[in-house]
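First comes the structure, then the notes that go with it.
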Amino acid sequence: MPFHAVVDGARTGVQVPQHLTRIPINLISTSSDLTNAIVKGKVLRKGPLVSATLHDFILKAVIQEEDSQPSSSAQINAINIVLFGELAKNFSEGVSPGDVVMASGFTVSKSPTASKDKLHPLHLLLSQDANIYCFSQSSSLNPRSAVDSKRSSTVSAEVLNKTKVPKYTYTRLGDLKSGNVVNVYGVVVFFKQPFKSHGTDFCSSLKITDQSNRNVSCTIFCEKLEQHPKIFQIGDIVRMHRVKVKLFNNAITLVNTFGFSVITFDGKSSGTVEPRTSSRTFHFDEQDRKTVEELQKWISTQNVLPASPASVTLSAIQPKAYFDLTCQLLAKATIDTTCTLLRVWDGTRSPNTFVSVDPNDVEGPTSFSREKESFIANILVYDNHSMFAKQLKLGAFLRIYNLRAVPVSSKVRDINRNQAEAGDHLALHLHGGTSFGRGIRVLPENSPDVEKLKRAIAFLTEDVEDFTAEPTDLELHEVWSTPPEFLEDKAETNSTCSTSAEGSCRPQQQQVTLSQLKQSTPGQVYHVRAQLRSYEPSKLHQALKLFCSKCSSIQDIPDDELLATIFSDASKNSENCSLPKWAVPGRIELPSGSTKRAVRFYVSPRLKEEGKPKELLFIRGTTLEETCHLAQGYKNIVPVTSSESCLALMDLSSPFLFRGPRRYYGCKQCSQATLSELPSLDKLLDEKIIAEALGVQLLKFVLLMKLQLQDATDTLEVFLWKHAELFLGVSAEEVAISQEAQSSVHATLESLCPTKGAVGLRPWLDLSLISYWGDGEEGQKQTCYQICSPPISRPSSGQSEHT
DNA sequence: GGTTAGGATTGG
């Protein structure tokens with residue numbers, strides 16, 4: 001290795017070789033024998049990393065000898081050094097001004113800037129044969145040095161060996177020693193959302209644990225909310241840098257100290273490890289990913305998490321219970337100076353939470369349709385939470401912690417109301433204070449819980465018009481080799497809620513038999529009770545499709561055999577080609593069979609500047625297998641090839657992006673792909689941002705099935721399409737990568753339509769169907785049907801009305 | 001380079 005960080009030589013085993021002889025800077029001349037010479041100096045200045053030629057970097061720096069006292073002003077003890085290639089890169093990443101470095105294996109030549117900068121007339125040239133040893137002043141590497149170090153922490157020189165030695169050292173919670181400043185990983189077993197302290201900062205209080213099974217309380221003071229850990233639930237994983245170990249009441253606690261930073265991860269494995277942070281620059285490497293995955297595994301195998309107030313849906317609220325609620329904010333109203341009303345839903349039927357409010361005080365819609373109202377809960381939030389609630393945006397996805405359901409007796413009912421209507425109800429309160437982690441958190445749009453919530457409320461938020469507005473039926477029928485259809489008419493959603501149909505009330509109207517449905521006018525939503533007679537395709541992977549929301553085309557997902565051919569053809573095309581101006585090239589060693597081989601990659605200098613150069617790699621010349629292998633180690637991989645002597649994206653028949661196990665495709669028809677540099681972003685890169693930057697129209701994973709329903713009167717073929725995710729309770733994207741999601745779909749279908757057993761014993765389903773006019777063969781009109789609700793199944797008995 | 005809090009519910 002040409003670059004070494006000698007932080008604690010005894011510990012890391014890195015030593016400056018004994019055979020080298022120190023040469024004072026002022027004695028360096030063109031006639032010096034430099035074979036075994038080594039110079040030592042403090043880094044005075046460090047220039048930027050410059051991309052010089054196609055495959056190279058240059059970095060200039062100035063070092064000054066600290067321990068030599070120039071006997072006369074004529075003796076110069078500072079010298080320019082010029083580093084090339086990997087060494088320049090490592091120096092750029094690993095060395096800060098003020099660090100002491102030693103250099104060997106260099107050559108010298110005349111310094112072109114000597115007359116201007118008055119430094120040494122020669123400069124040192126360090127290429128791949130040279131060595132740099134860095135004695136970092138950083139406090140973050142080693143807890144012991146951190147305590148002694150008077151210097152504020154700089155993140156520097158943690159690069160020792162890029163692949164084997166971690167940039168940061170993490171202390172197990174069982175090994176914490178009072179007084180040390182440490183970096184730690186931990187699983188959250190208790191937390192409070194940040195709250196305003198009596199001082200200048202917000203305060204987060206949490207308790208974490210790890211494989212050493214020690215629980216440690218942490219207190220984080222930060223002025224800005226975004227600097228606080230983004231904890232959504234117990235079981236999340238936090239990584240904290242530079243926390244000080246203190247003793248309080250005889251117990252070890254951690255408090256943030258100078259240079260503190262934190263990132264948070266989901267405690268449940270989802271295939272990819274996505275750090276939650278607002279920080280533009282944070283270090284996250286392969287080792288971090290492994291650490292997080294080990295903790296995720298540990299959580300899943302150990303019973304480490306305390307029984308937390310379970311996340312509960314509105315329909316499952318128990319009176320007197322405390323619980324956490326994940327929901328969407330629809331409207332809010334000021335009740336008084338200490339209390340705000342939040343109107344929310346989560347897609348399940350709400351208990352009666354009547355709150356009287358003046359419509360003039362309401363922000364957002366003052367009323368909803370009667371059926372929508374039956375899904376809405378009213379929550380009163382007090383004091384500190386009331387203040388916070390006032391700045392919440394309508395439509396936001398929230399998690400409300402330690403919500404309480406208080407039974408309210410009917411004694412206080414309005415005398416004018418009918419007794420039955422004004423019956424007992426639940427009052428939902430978020431009391432003041434932060435005990436038991438009480439608080440409200442806005443969940444980001446991309447969190448798995450929000451994705452789940454969106455699916456659950458889809459049937460409430462999408463009006464019937466949405467179904468028919470999309471010209472997708474053309475595609476639906478083409479996929480099934482049936483006459484193409486196209487929608488024109490719009491259905492209406494005049495609906496009333498049948499209160500007699502307890503639990504099955506949906507925003508739609510008449511319950512009809514299949515026979516009646518076939519004779520009724522298209523353009524409406526109907527409620528049916530039916531059994532699932534059959535479904536196709538029987539093989540789930542055939543139900544998974546790619547959908548373009550721009551041109552509404554649907555296509556199959558290419559199989560690996562086809563993809564392998566595309567990759568192999570592309571890699572044959574290895575001619576030299578011109579690079580986009582921004583691309584910084586590099587090479588990665590890949591194990592290929594028994595031999596290693598190097599493949600080319602390109603990175604964006606902007607991401608590099610932001611401290612995450614490997615966040616997005618453009619890879620050239622790999623096989624499909626190798627690309628998948630690389631995708632396990634790097635967050636975002638975009639395969640590229642050479643096209644007409646220019647670097648270009650690969651054919652859009654193959655995925656344009658690999659993210660962990662996930663593959664993303666673009667629409668051939670709607671994309672205008674160009675290899676552009678990514679815009680500067682505060683947000684973490686995701687498939688949407690990358691697709692947009694590359695001019696790719698991202699294709700959505702969708703599920704498309706055809707079901708045959710039956711009741712006593714008839715059978716009916718219906719599409720399961722727009723609401724397939726809701727119906728099957730999974731996201732199509734998960735089905736594409738997760739065996740668990742696939743099994744869940746199989747289980748759902750098997751429960752509705754068992755392969756064995758009498759047809760009559762199959763469960764009866766309460767379903768909402770939308771019917772609409774489509775264009776049939778040779779311009780003929782034909783009625784089509786789509787499912788637009790989740791299935792609510794009932795035992796096969798009690799269906800006598802149809803049998 | 002100083003402060004805050006230091007989990008623990010009954011309350012509209």
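Values below: every heavy atom of this structure, side chains too, minus hydrogens, waters and symmetry copies. Letters go in sequence order (proteins before strands), and every chain restarts at 1. Because the structure is a prediction, the values reported are computed rather than measured.
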Could you check how far [atom1] of [X] sits from [atom2] of [N], rounded to whole Å?
{"X": "Ile252(A)", "N": "dA5(B)", "atom1": "CD1", "atom2": "P", "result": "22 Å"}
{"X": "Asp324(A)", "N": "dT9(B)", "atom1": "CG", "atom2": "C1'", "result": "14 Å"}
{"X": "Leu428(A)", "N": "dG12(B)", "atom1": "CG", "atom2": "P", "result": "15 Å"}
{"X": "Arg242(A)", "N": "dG1(B)", "atom1": "CZ", "atom2": "C1'", "result": "15 Å"}
{"X": "Ile231(A)", "N": "dG7(B)", "atom1": "CD1", "atom2": "C1'", "result": "13 Å"}
{"X": "Lys244(A)", "N": "dG2(B)", "atom1": "NZ", "atom2": "C1'", "result": "13 Å"}
{"X": "His431(A)", "N": "dT9(B)", "atom1": "NE2", "atom2": "P", "result": "12 Å"}
{"X": "Lys192(A)", "N": "dT9(B)", "atom1": "NZ", "atom2": "P", "result": "10 Å"}

Practice item. Determine the contact category for Gly437(A): base if any of its heavy atoms lies under 4.0 Å from a base atom, sugar-phosphate if only primed atoms, P, OP1 or OP2 are that close, otherwise nothing. Key: nothing
Exercise for review: Tell me what Asp336(A) touches on the nucleic acid: a base, only sugar-phosphate, or nothing, going by heavy atoms under 4.0 Å.
Suggested key: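 Contact class for Asp336(A): none.
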Review point. Considering only heavy atoms and no angle criterion, is a donor-acceptor pair shorter than 3.5 Å present between the side chain of Arg404(A) and the base of dT9(B)?
Key: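 Absent.
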Practice item. Look at the side chain of Tyr322(A) against the base of dG11(B) and say whether a donor-acceptor pair falls under 3.5 Å; ignore hydrogens and angles. Key: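 Looking at the base of dG11(B), it does pair with a donor or acceptor on the side chain of Tyr322(A) (distance under 3.5 Å).
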Check your understanding: Do Thr340(A) and Lys390(A) have a side chain donor and acceptor closer than 3.5 Å?
Key -> yes
Practice item. Would you check if there is a donor-acceptor pair between the side chains of Tyr322(A) and His429(A) at a distance under 3.5 Å? Key: no
Check your understanding: Reckon Thr253(A) has a side-chain N or O less than 4.0 Å from the OP1 or OP2 of dG6(B)?
Key -> no
Review point. Between Lys320(A) and dT9(B), is there a side-chain N or O to OP1/OP2 distance below 4.0 Å?
Key: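 Looking at the OP1 and OP2 atoms of dT9(B), neither is under 4.0 Å from any side-chain N or O of Lys320(A).
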For [X] and [N], is the gap between ring centres under 5.5 Å while the planes differ by less than 30°?
{"X": "Phe436(A)", "N": "dG7(B)", "result": "no"}
{"X": "Tyr382(A)", "N": "dG12(B)", "result": "yes"}
{"X": "Phe221(A)", "N": "dT3(B)", "result": "no"}
{"X": "Phe258(A)", "N": "dG1(B)", "result": "yes"}

Is the shortest side-chain N to carboxylate O distance from [X] to [Y] below 4.0 Å?
{"X": "Arg343(A)", "Y": "Glu373(A)", "result": "yes"}
{"X": "Glu293(A)", "Y": "Arg289(A)", "result": "yes"}
{"X": "Lys46(A)", "Y": "Asp99(A)", "result": "no"}

Check your understanding: On a whole-Å scale, what distance lies between the P atoms belonging to dT10(B) and dG6(B)?
Key -> 15 Å
Practice item. Step through it carefully: locate the ring centre of Phe260(A), locate the ring centre of His228(A), and say whether they are under 6.0 Å apart. Key: no
Practice item. Sequence neighbours left out, what passes side-chain hydrogen bond (donor to acceptor under 3.5 Å, both in side chains) with Gln296(A)? Give chain and number order. Key: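 Expected list: none.
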**Study point:** Proximal nucleotide (of dT10(B), dA8(B), dG7(B)) relative to the Ser435(A) side chain
**Key:** dA8(B)
Review point. Taking only residues two or more places apart in sequence or in another chain, which ones pass ring-ring contact (aromatic ring centres under 6.0 Å, His included) with Phe265(A)?
Key: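 With sequence neighbours excluded, Phe265(A) shows a ring-ring contact (aromatic ring centres under 6.0 Å, His included) to Phe284(A), given in chain and number order.
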**Study point:** Members of residues 198-219 of chain A that approach DNA chain B, where some heavy atom sits under 4.0 Å away
**Key:**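 His198(A), Gly199(A), Thr200(A), Asp201(A), Cys203(A), Lys207(A), Thr219(A) - these, ordered by number, are the residues of the stretch whose heavy atoms sit under 4.0 Å from the strand.
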